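What follows is one structure encoded as structure tokens, with my remarks underneath.
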Amino acid sequence: MSSNSGIQIPSRLPLLCTHDGVLLPGSTMRISVDTARNMQLVKSRLLKGTSLKSTIIGVIPNTRDPEHDSDELPSLHSIGTAGLAVQVVGSNWPKPHYTLLITGLCRFRVTQLLRERPFPVAEVEQLDKLEQYTEGDQADGELGELSKRFYQAAVQLVGMLDMSVPVVAKLRRLLDSLPRETLPDVLASMIRTSNKEKLQVLDAVDLEERFKKALPLLTRQIEGLKLLQKTRKLRPDDDKRVLAIRKGGVFPGRQFSLDEEAEDEDSDDMAMLEKKVKAAAMPEAALRVCLKELKRLKKMPQSMPEYALTRNYLEMMVELPWSKSTTDCLDIRAARVLLDNDHYAMEKLKRRVLEYLAVRQLKSTLKGPILCFVGPPGVGKTSVGRSIARTLGREFHRIALGGVCDQSDIRGHRRTYVGSMPGRIINGLKTVGVNNPVFLLDEVDKLGKSLQGDPAAALLEVLDPEQNHSFTDHYLNVPFDLSQVLFIATANTTATIPPALLDRMEVLQVPGYTQEEKVEIAHRHLIPHQLEQHGLTPQQLQIPQDTTKDIISKYTREAGVRSLERKIGAICRAVAVKVAEGHKVSRAESPTEQHADQNAENKEQDSGIAAPPEMPIVIDHIALKDILGPPIFEMEVSERLTLPGVAIGLAWTPMGGEIMFVEASRMEGEGQLTLTGQLGDVMKESAHLAISWLRSNAKTYFLTNGSADPLEGTDIHLHFPAGAVTKDGPSAGVTIVTCLASLLSGRLVRSDVAMTGEITLRGLVLPVGGIKDKVLAAHRANLKRIIIPKRNEKDLEEIPAHVRADLDFVLASTLDEVLNAAFDGGFPAAVSHPQVASKL
């Protein structure tokens with residue numbers, strides 16, 4: 001109990017035996033209770049007691065470990081500390097136990113043990129006559145000198161700490177307000193000391209002896225801090241940090257906890273974060289938001305969930321490249337050489353990059369262009385974007401958009417959501433660390449749409465040069481300037497790109513390669529790369545150009561070069577096996593010198609692959625067949641045109657141009673038209689248009705067979721092979737007319753002719769798209785004559801000169817011209833039609 005005369009404790013006290021610390025008067029300590037006797041004390045005395053007297057218990061230190069506790073009560077230490085139980089916390093995991101928060105009041109001596117069960121109770125004698133401390137300043141003699149020296153040492157210790165920390169300032173005030181006689185117990189409980197040393201202070205009942213026991217401990221702590229300061233001269237901000245002070249308390253009624261290390265580290269982190277915010281060179285709006293969040297963070301306890309969210313936000317804002325950029329390499333000549341070394345052909349793309357460099361030389365504040373490379377797979381759209389970044393000397397970052405169906409991937413999540421994070425644009429800028437990189441938005445035509453929003457709509461702001469200078473991510477919630485970023489999008493087709501998004505981009509078509517271009521690409525890039533990947537050298541493997549042409553024409557049929565690279569890789573793997581087993585091969589004959597019987601014998605010995613140990617190993621057509629098997633693609637065009645009613649059309653797909661056969665047959669019936677081959681509505685309408693035009697002009701082209709209607713008593717079946725592939729579009733109109741004219745007239749269409757074009761009911765031929773891809777497909781199939789609409793003549797300029805030289809182009813404006821060009825000797829008509837000029 002507390003009164004003006006001091007603290008008086010009951011003469012009988014229940015005893016709490018502790019082994020993990022020493023409770024000194026004036027300090028606060030947490031004690032874990034898990035032994036049977038201590039548990040009974042808590043349950044019977046503290047939890048059921050109703051008076052203040054019941055909360056005062058005796059704490060006896062230095063007993064045996066509770067794991068070795070037995071039924072017998074161990075020998076008790078003669079001196080203990082009477083304490084006030086401030087808090088009791090219970091738990092059942094992993095086993096039932098209590099945790100007590102106890103504040104030490106005064107010393108006592110055990111005079112007689114009254115009982116041992118269920119918990120020990122003893123008669124005690126109070127040792128500290130606390131009423132004498134009220135006038136402690138009047139002490140004189142040796143005790144007064146010790147008291148003064150101890151006080152000065154305590155002031156020196158606190159002075160070495162950082163006074164800006166609130167808990168240190170509070171400790172300094174307590175030194176002046178507490179009685180001098182309580183200082184040894186208070187400071188001995190706070191500084192780094194062992195339990196044995198604290199036990200010596202507890203046993204020092206005489207005040208003068210207590211000062212003598214505690215003063216060396218305080219002096220040792222001061223010397224340790226001085227040594228720590230000397231080792232930290234290179235970091236003056238840390239001179240006043242104290243790692244040796246542990247949690248503790250002071251005189252009853254003035255409890256406080258001291259965790260100096262955590263406080264200092266937290267304040268240092270805050271200061272460093274504030275310094276980074278001010279050094280990030282943010283725009284004024286972003287800086288204002290960051291300082292506001294930093295101010296909130298300083299007032300926020302670390303235990304709050306919002307603390308981590310706010311800190312993550314500030315760290316993200318600091319790491320963004322608000323003003324960091326790279327210097328562009330504007331040497332046009334060097335850029336042209338680098339682009340030519342990296343990629344063969346692609347003249348249109350290279351010219352656009354060089355134009356950008358030229359304008360950047362004249363105007364340094366040019367906004368980054370927003371380009372869209374559209375072309376079949378495997379033509380190098382992604383790799384040329386990487387090459388452009390290297391040419392400009394900029395950082396490169398690729399963002400794969402295929403299958404993205406959430407707008408938050410682009411614009412980020414709002415910070416109100418758990419686990420929120422910025423979008424891919426801001427994350428990419430954080431990754432590259434500059435504000436003018438080259439961003440490759442890969443597969444922009446394969447964006448999805450879901451309940452989480454439309455990412456294509458979110459890209460509208462990113463890819464608009466008039467808006468992206470203030471792009472606002474939902475996570476940042478402040479504008480960020482994207483105007484210096486060079487955006488390059490890639491797509492296989494523009495059909496699936498929303499019109500509003502397509503309008504914001506500069507579309508550059510990347511058509512497929514010709515056979516000659518593929519040969520050059522293979523020998524410049526693909527073969528050296530595959531040799532390096534498989535550990536081979538040109539002295540071990542050589543692939544002649546004739547072999548490369550055979551691979552291109554007989555084993556691949558694509559617009560790009562991916563399949564070609566895979567076939568070259570298969571050859572390298574087969575040769576690598578021969579090189580690794582070279583010492584075991586008994587025969588040393590080149591495959592070009594082998595006869596048929598020797599080749600068969602080697603096949604038996606070498607598991608079907610003819611490869612000699614002599615270097616270099618040259619791949620010819622025999623070795624090519626052994627490695628890759630029989631040719632996959634055969635030139636079957638002439639064989640399929642041996643009957644009337646077959647014509648070849650040209651089609652465009654996202655994978656490039658393709659040739660397309662159209663077959664027709666007639667049988668007795670009621671004049672019905674059957675269409676098969678997974679046709680779309682537009683292509684079905686083209687077939688009906690062709691039938692209507694032929695029926696209306698049957699007499700002109702002698703297709704009647706004695707009756708007014710060529711379909712009278714006849715059914716027509718039109719089939720477009722590759723029935724598993726969906727087909728649609730108007731460009732097959734002239735092919736259908738030619739196929740039906742061949743069927744009804746009984747004449748064969750020329751086997752080297754392919755055609756494309758849309759038709760009208762009046763017999764006009766209208767322009768179509770994808771001319772270059774279609775012509776390249778016809779060239780790959782060894783066709784010689786191409787019939788295209790006259791209004792597509794301008795598209796022929798994009799076709800390479802050597803391809804134009806190999807082909808005979810017929811520019812048709814009417815179906816009459818198409819039929820005359822598709823049949824040997826023309827397609828004579830009874831009456832010549834006057835030329836009708838199209839007004840479409």
Side-chain angles (χ1 to χ4, degrees), residues 372-382 402 442-447 489-497 502 507-515 517-518 552-553 555-564 566 632-633 635-637 640 647-663 675-687 718-736 739 754-758 766-783 786-789 792 795 798-799 803:
C372 182
F373 298 160
V374 179
V379 296
K381 299 184 297 296
T382 302
D442 219 359
E443 308 294 355
V444 75
D445 60 325
K446 297 175 180 61
L447 285 169
T490 67
N492 296 132
T493 176
T494 58
T496 55
I497 303 177
L502 187 63
V507 178
L508 297 177
Q509 294 289 340
V510 187
Y513 296 116
T514 64
Q515 180 170 335
E517 289 174 342
K518 288 183 180 180
I552 295 169
S553 60
Y555 293 92
T556 66
R557 184 168 289 178
E558 57 173 351
V561 292
R562 282 185 182 152
S563 294
L564 176 59
R566 284 193 288 268
I632 300 174
F633 301 102
M635 295 306 168
E636 56 178 354
V637 174
R640 295 185 66 167
I648 302 175
L650 297 174
W652 180 91
T653 69
M655 307 299 173
E658 295 287 344
I659 63 171
M660 177 179 63
F661 290 89
V662 180
E663 300 176 349
L675 300 172
T676 56
Q678 283 207 47
L679 308 183
D681 292 337
V682 177
M683 189 170 283
K684 291 178 181 178
E685 291 174 357
S686 296
L718 268 176
H719 178 62
F720 294 76
V725 180
T726 304
K727 310 167 193 68
D728 200 5
S731 62
V734 295
T735 312
I736 298 173
C739 176
M755 60 200 73
T756 183
E758 182 181 356
L766 302 183
V768 292
I771 291 296
K772 182 176 181 180
D773 289 317
K774 294 176 179 178
V775 170
L776 292 179
H779 187 257
R780 286 197 297 269
N782 282 339
L783 299 173
I786 310 295
I787 302 174
I788 63 173
N792 282 117
D795 297 318
E798 299 180 2
I799 300 172
V803 175

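Given the structure is predicted, the values throughout are model-derived calculations rather than measurements. The chain is numbered in sequence order, starting from 1.
Every residue two or more places apart in sequence or in another chain that forms a side-chain hydrogen bond (donor to acceptor under 3.5 Å, both in side chains) with Thr756 is listed here: Lys774. Partners of Thr493 according to the side-chain contact (heavy atoms from CB on, under 4.5 Å) rule, which considers only residues two or more places apart in sequence or in another chain, are Asp445, Ala495, Thr496, Trp652, Pro654. A search for side-chain contact (heavy atoms from CB on, under 4.5 Å) contacts involving Asp795 returns Ile771, Asn792, not counting sequence neighbours. Lys684 is linked by a side-chain hydrogen bond (donor to acceptor under 3.5 Å, both in side chains) to nothing, counting only residues two or more places apart in sequence or in another chain. Judged as a salt bridge (charged side-chain N to carboxylate O under 4.0 Å, His left out), and not counting sequence neighbours, the contacts of Glu443 are Lys446. The side-chain contact (heavy atoms from CB on, under 4.5 Å) test applied to Gln509 returns Val374, Val507, not counting sequence neighbours. Residues satisfying the side-chain hydrogen bond (donor to acceptor under 3.5 Å, both in side chains) test with Arg562, not counting sequence neighbours, are none. Every residue two or more places apart in sequence or in another chain that forms a side-chain hydrogen bond (donor to acceptor under 3.5 Å, both in side chains) with Thr490 is listed here: Asp442. Residues that satisfy the side-chain contact (heavy atoms from CB on, under 4.5 Å) test with Thr653, not counting sequence neighbours, are Met655, Glu658.
Put simply, the side chain of Ile497 reaches to within 4.5 Å of the side chain of Val444, judged on heavy atoms. Contact check for Asn492 versus Lys381: side-chain heavy atoms found under the 4.5 Å cut-off. Taking 4.5 Å as the limit, every side-chain heavy atom of Pro789 sits out of range of all side-chain heavy atoms of Leu766. Side-chain contact between Val775 and Val803 is present, with at least one heavy-atom pair separated by less than 4.5 Å. Contact check for Arg780 versus Gln515: no side-chain heavy atoms found under the 4.5 Å cut-off.
Contact detail for Ala687 and Leu718: the closest heavy-atom pair is CB-CD1, 4.0 Å. Between Val662 and Cys739, the shortest heavy-atom distance links the atoms O-SG, 3.4 Å. The minimum heavy-atom distance linking Gly512 with Leu776 is given by the pair O-CD1, 3.1 Å. Smallest separation of non-hydrogen atoms from Leu650 and Ser731: O-OG, 4.0 Å. Of all heavy-atom pairs between Ala781 and Ile659, the closest is CB-CD1, 3.8 Å. For Val682 against Gly729, the heavy-atom pair with the smallest separation is CG1-C, 3.6 Å.
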- Task: Take Glu663 and Phe720 through the test side-chain contact (heavy atoms from CB on, under 4.5 Å) and record every step on the way to the result.
- Result: CA-CA 6 Å; Glu663 300 176 349; Phe720 294 76; over 6 Å; no

- Item | Chi angles and distances behind the side-chain contact (heavy atoms from CB on, under 4.5 Å) call for Ile552, Tyr513 | CA-CA 11 Å; Ile552 295 169; Tyr513 296 116; over 6 Å; no

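Of the possible polar contacts, one joining the Glu517 side chain to the Thr514 backbone as a donor-acceptor pair under 3.5 Å is found. The backbone N or O of Met683 sits nowhere less than 3.5 Å from a side-chain atom of Lys727 that would complete a donor-acceptor pair. In this structure a side-chain-to-backbone donor-acceptor pair under 3.5 Å is present from Glu558 to Leu564. Panel note: side chain Tyr555, backbone Ile632; no donor-acceptor pair is recorded below 3.5 Å.
To the nearest 0.5 angstrom, Met755 atom CE is 5.5 Å from Thr735 atom OG1. Rounding to the nearest 0.5 Å places NZ of Lys518 at 10.0 Å from OG of Ser553. Rounded to the nearest 0.5 angstrom, Leu502 CG and Cys372 SG are separated by 6.5 Å.
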